[in-house]
There are 2 protein chains.
Amino acid sequence: MKQDKIPDVVVRRLPLYLRAVEDFYRKDQAIVSSSQLGEWTGFTPAQVRKDLALFGEFGKQGIGYDARFLHNKLREILGLTRDVSVGLVGLGNLGRALLHHNVRARMGTPGVEGDPKHWVPETLRIVAAFDVDPEKVGVTYAQVPVYHVDQLLGKSAELGLEIMVLAVPPDSAEAVAYECVKAGIKAILNFAPVNLVVPDDVKVYSADLTLELQSLAFYTTH
Amino acid sequence: MKQDKIPDVVVRRLPLYLRAVEDFYRKDQAIVSSSQLGEWTGFTPAQVRKDLALFGEFGKQGIGYDARFLHNKLREILGLTRDVSVGLVGLGNLGRALLHHNVRARMGTPGVEGDPKHWVPETLRIVAAFDVDPEKVGVTYAQVPVYHVDQLLGKSAELGLEIMVLAVPPDSAEAVAYECVKAGIKAILNFAPVNLVVPDDVKVYSADLTLELQSLAFYTTH
DNA sequence: CTATGTGAAGTGGTTCACAGCT
DNA sequence: AGCTGTGAACCACTTCACATAG
């Protein structure tokens, strides 16, 4: 294991491996090979092995990977063995849709008993939402309490929020991002069409629908 | 111009350049430099120049790029000089949110008169939606008509749909994608947590919320 | 014989640095 | 002087191919 510096591309593939292993495991397959994982995810077997080898020697030569073991390792690597609390800012149409999605997206993970039919609840979910609209503050959407954005700092500490999802209008995105940074948030998923400027130790993923559609448009003509 | 094979990474940057140039243009700046575009987008000036040079010599040495000219070139390259009709499949919470977003996301583009205050309507938008729920079929959400999924093939041809947004449940995603391919769709934006298998000439972008959050979780612990 | 882990080779995208135009 | 366009150098990720273990 040489866990020095993991390339971003690899980190983006890890959840796919997790999902693949989970799928094999659910189908009562105890051992998976890099070729199987490769076929499932669409990557080459060599790439799967290289990626996993960055974190340790999880497989057995001549055999493959123990599905349950690998699954747990991947959860460890991704930091999903503990509860990960996510916050959401902005309760417009998109924000509310994400909340509903959140509830349904709770995926199970194999329980410790080794019984494939036993599942412990997924640990990554949105546990708090924020908005400025006084009509929204105080209510509960999809079982998630809504606070005023002014409380972002306090509630982040109180609830241990680690990831923040931004579904706010473009002109408030920068300010909200700044609040998140002040609150010690280390990862932001940004849906606003704005380039957020944050310190180097904060990771921002952009999910800009307009941008994605515009680049897809390229492929319809080429 | 050597428009042979444009790397995917470049295509993903083009809409950002478009947005940057638009921003400068709106601020009545007639000439933009690669360094300005670089600062705005967060890329290096050299990269901006290399990217643009893939499509032609748009700049003037010693001067920079004419904002209006570059803006139109970028729209041409992306195929945004014509109307691009997008379809949406799946009217759950996410689908409906995307529709509302769609209306608000209509960005202006500079008009031909050269008057920065004159804007022609944006050409890329969702013009049709599909669902299986009989309660939703026939109604109009956010000014967009909703048809039954059975009509996907027919309406795609009739309306000239070029891009399809998939916001369907995981288990129907594969089947819907297959319908899209049959309908001649060349680009898909997939929100379902499923690896779609499509022919090589169909481009799929994945916007899988769970995957993104899971890889972001990695950065909260590393 | 099967499948991992890994140096070595290959590939593709980024940055450098400078010629050339204004 | 200022800024683009671009070959060359650089860097990073991917694929190959094989030693190694079961």
Side-chain angles (χ1 to χ4, degrees), chain A residues 1-17 20-21 24-25 29-74 77 215 218 222, chain B residues 1-17 20-21 24 29-71 73-74 77 200 215 218:
Chain A
M1 138 143 59
K2 9 25 225 286
Q3 204 163 336
D4 322 299
K5 190 68 197 75
I6 307 299
D8 273 26
V9 271
V10 176
V11 176
R12 284 183 172 273
R13 281 194 292 267
L14 293 177
L16 268 162
Y17 297 144
V21 178
F24 284 112
Y25 183 67
Q29 188 179 324
I31 305 286
V32 285
S33 67
S34 60
S35 357
Q36 290 178 311
L37 292 174
E39 190 170 359
W40 199 100
T41 55
F43 309 126
T44 64
Q47 182 154 72
V48 175
R49 293 201 299 276
K50 260 269 152 76
D51 285 352
L52 296 179
L54 285 174
F55 301 95
E57 309 199 355
F58 301 147
K60 282 191 176 51
Q61 297 193 337
I63 306 292
Y65 300 90
D66 178 274
R68 231 169 69 74
F69 178 75
L70 182 56
H71 188 273
N72 282 327
K73 277 297 173 190
L74 284 168
I77 293 164
S215 59
F218 176 89
H222 293 82
Chain B
M1 136 144 58
K2 12 13 235 288
Q3 205 163 335
D4 321 299
K5 190 70 198 74
I6 307 298
D8 272 26
V9 270
V10 176
V11 176
R12 282 182 173 273
R13 283 194 290 266
L14 294 177
L16 268 163
Y17 297 143
V21 177
F24 284 112
Q29 189 179 324
I31 306 287
V32 285
S33 68
S34 61
S35 357
Q36 291 178 311
L37 291 174
E39 191 171 357
W40 199 101
T41 55
F43 308 125
T44 64
Q47 183 155 71
V48 175
R49 292 201 298 277
K50 260 268 152 77
D51 286 351
L52 296 179
L54 285 174
F55 301 94
E57 310 198 354
F58 300 148
K60 282 190 178 51
Q61 296 191 336
I63 307 292
Y65 299 90
D66 178 275
R68 229 169 71 73
F69 178 75
L70 181 56
H71 187 274
K73 276 298 174 190
L74 283 168
I77 292 164
D200 288 343
S215 58
F218 176 89

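Labels below follow one simple rule: chain letters A, B, ... track the order of the sequence lines, proteins then strands, and each chain is numbered from 1.
Computed from coordinates, the A:Gln61 CD to C:dC1 C1' distance equals 14 Å when rounded to whole Å. A:Arg49 places its CZ atom 14 Å from the P atom of C:dG7, with the value rounded to the nearest Å. As rounded to whole Å, 13 Å separates atom C1' of D:dA12 from atom CG of A:Leu54. Going from atom CD1 of B:Ile63 over to atom C1' of D:dG5 covers 15 Å, rounded to whole Å. Rounding to whole angstrom units, CG of residue A:Asp66 and C1' of C:dT4 are separated by 14 Å. For the pair B:Lys60 NZ and D:dG2 C1', the interatomic distance rounds to 15 Å; values are reported in whole Å. To the nearest angstrom, C1' of D:dA12 lies 13 Å from CG of A:Asp51. D:dC13 atom P lies 14 Å from atom CZ of A:Phe43, rounded to whole Å.
When all heavy atoms are compared, the tightest approach of B:Arg49 to B:Ser34 is NH1-OG, 3.1 Å. Of all non-hydrogen atoms in A:Thr41 and A:Ala20, the two that sit nearest each other are CG2-CB, 4.1 Å.
Contact check of residues 31-42 of chain B against DNA chain D (heavy atom, cut-off under 4.0 Å) returns B:Ser33, B:Ser34. Residues of residues 7-14 of chain B having a heavy atom closer than 4.0 Å to DNA chain D: none are found.
For B:Ala53, the listed nucleotide lying nearest its side chain is D:dG5; candidates were D:dG5, C:dG5, D:dT15.
Counting distance only, with no hydrogens placed and no angle test, the side-chain atoms of B:Lys50 and the base atoms of D:dT6 include no donor-acceptor pair under 3.5 Å.
Distance alone, capped at 3.5 Å, is enough to place a donor-acceptor pair between the A:Gln36 side chain and the A:Ser33 backbone.
Here A:Tyr65 reaches the OP1 or OP2 of C:dG5: one of its side-chain N or O atoms lies under 4.0 Å away. Contact check, B:Gln47 against C:dT14: a side-chain N or O comes under 4.0 Å of OP1 or OP2.
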Next on the checklist: I'd like to know whether B:Leu70 forms a side chain to side chain contact (heavy atoms under 4.5 Å, CB included) with B:Leu52, so could you lay out the CA-CA distance, the side-chain angles of the two residues, the decisive distance to 0.1 Å, and finally the verdict.
Outcome noted: CA-CA 9 Å; B:Leu70 181 56; B:Leu52 296 179; 4.1 Å; yes
Checklist entry - Run the side chain to side chain contact (heavy atoms under 4.5 Å, CB included) check on B:Leu37 and B:Phe24 step by step: do they pass? => result CA-CA 9 Å; B:Leu37 291 174; B:Phe24 284 112; 4.2 Å; yes
Next on the checklist: Run A:Val21 and A:Tyr65 through side chain to side chain contact (heavy atoms under 4.5 Å, CB included) and show every step you take.
Outcome noted: CA-CA 9 Å; A:Val21 178; A:Tyr65 300 90; over 6 Å; no
Next on the checklist: Assess the residue pair B:Phe55 and B:Leu14 against the criterion (side chain to side chain contact (heavy atoms under 4.5 Å, CB included)); give the C-alpha distance rounded to whole Å, side-chain angles, the decisive distance to 0.1 Å, and a yes or no.
Outcome noted: CA-CA 11 Å; B:Phe55 301 94; B:Leu14 294 177; 3.9 Å; yes
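Taking the side chain as every heavy atom from C-beta outward, A:Ile6 and B:Phe218 approach each other to under 4.5 Å.
Applying the 6.0 Å contact sphere to CD of A:Glu39 captures no more than 12 heavy atoms from other residues, nucleotides or ligands.
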